[in-house]
Amino acid sequence: RLQCTPCASGRFGEVANLTRCSACDPGKIAKDQGASSCTSCAPGTFASSSTKCTPCDPGFFTATEGQTECDECPAGKYSSDDGSVACVPCSVGSFSNMTKRLQC
């Protein structure tokens, strides 16, 4: 007896009677086999592959879901934690004239 094959991780099938599975859109993942949809990576993370959301490194951030890469913290701001959703402004009496800073 022949059976249908589950969609591989990173791919999905949203309707019945498919002859092939579809790839997830950029910024979305399907980490398990047999997915019927893809999920957007949360703010603070990015889709490093079609199966995994990865936290942004310190000095980087993503403010919105479904990103394929993290943005650099601009000069005058910093991010010292993994998975930041925003960069923190340098406080009064400190500065940062470079991007991707972990502290001011």
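The structure presented is a predicted model; accordingly, all values stated were derived computationally and were not measured.
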Student: Measure the CD-OG1 distance between Glu65 and Thr39 for me, rounded to the nearest 0.5 Å.
Tutor: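 One finds 10.0 Å between CD of Glu65 and OG1 of Thr39.
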Student: Quick one: CZ on Phe12 to SG on Cys24, what's the gap to the nearest 0.5 Å?
Tutor: 6.0 Å
Student: I'd like to know if the side chain of Thr62 pairs up with that of Gln67 as donor and acceptor (distance under 3.5 Å, no hydrogens or angles considered).
Tutor: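 Gln67 and Thr62 do not have a side-chain donor-acceptor pair below 3.5 Å.
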Student: For a quick test of reading the model, state the closest non-hydrogen atom pair linking Gly44 to Val85 and the distance between them.
Tutor: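 Looking at all heavy atoms of both residues, the closest pair is N-CG1, 3.7 Å.
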Student: Mind listing the closest non-hydrogen atom pair of Ala63 and Pro43 along with its distance?
Tutor: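 Shortest heavy-atom separation between Ala63 and Pro43 comes out as O-CB, 3.7 Å.
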Student: Going from NZ on Lys77 to CD on Glu72, what distance comes out if it is rounded to the nearest 0.5 angstrom?
Tutor: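 Separation between the atoms: 14.0 Å.
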Student: So do the side chains of Cys41 and Phe46 get within less than 4.5 Å of each other, counting heavy atoms only?
Tutor: no
Student: Mind checking the CG-CG spacing from Asp57 to Asp81? Nearest 0.5 Å is all I need.
Tutor: 12.0 Å
Student: Is any side-chain heavy atom of Ser80 closer than 4.5 Å to a side-chain heavy atom of Pro58?
Tutor: no
Student: Quick one: closest heavy-atom pair of Pro55 and Asp82, and the distance?
Tutor: CB-CB, 4.4 Å
Student: How far apart are the C-alpha atoms of Ser50 and Ile29, what are their side-chain angles, what is the distance that settles it, and do they pass the side-chain contact (heavy atoms from CB on, under 4.5 Å) test?
Tutor: CA-CA 5 Å; Ser50 61; Ile29 65 162; 5.7 Å; no
Student: Determine yes or no for a side-chain-to-main-chain donor-acceptor pair under 3.5 angstrom, with Ser84 supplying the side chain and Cys87 the backbone.
Tutor: no
Student: So how far is it from Gln103 CD to Ser91 OG, rounded to the nearest 0.5 Å?
Tutor: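 OG of Ser91 is found 11.0 Å from CD of Gln103.
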Student: Identify the two heavy atoms, one from Phe60 and one from Ser79, that lie closest to each other, and give their separation to 0.1 Å.
Tutor: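 Nearest pair, atom of Phe60 first, then Ser79: O-OG, 3.7 Å.
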Student: Determine whether more than 12 heavy atoms belonging to other residues, nucleotides or ligands lie under 6.0 Å from atom CZ of Phe61.
Tutor: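 Counting neighbours around CZ of Phe61, more than 12 heavy atoms of other residues, nucleotides or ligands fall under 6.0 Å, so yes.
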Student: Quick check against the 3.5 Å criterion: does Ser9 have a side-chain atom that pairs as donor or acceptor with the backbone of Lys31?
Tutor: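 Yes, the answer is positive, given that a donor and an acceptor are paired below the 3.5 Å cut-off.
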Student: What are the two closest heavy atoms between Lys28 and Cys38, and how far apart are they?
Tutor: CB-CB, 3.8 Å
Student: State the OG-CD distance between Ser36 and Glu14, to the nearest 0.5 angstrom.
Tutor: 8.5 Å
Student: For the backbone of Cys21 and the side chain of Arg11, can you confirm whether one donor and one acceptor N or O come within less than 3.5 Å of each other?
Tutor: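 Answer holds: yes.
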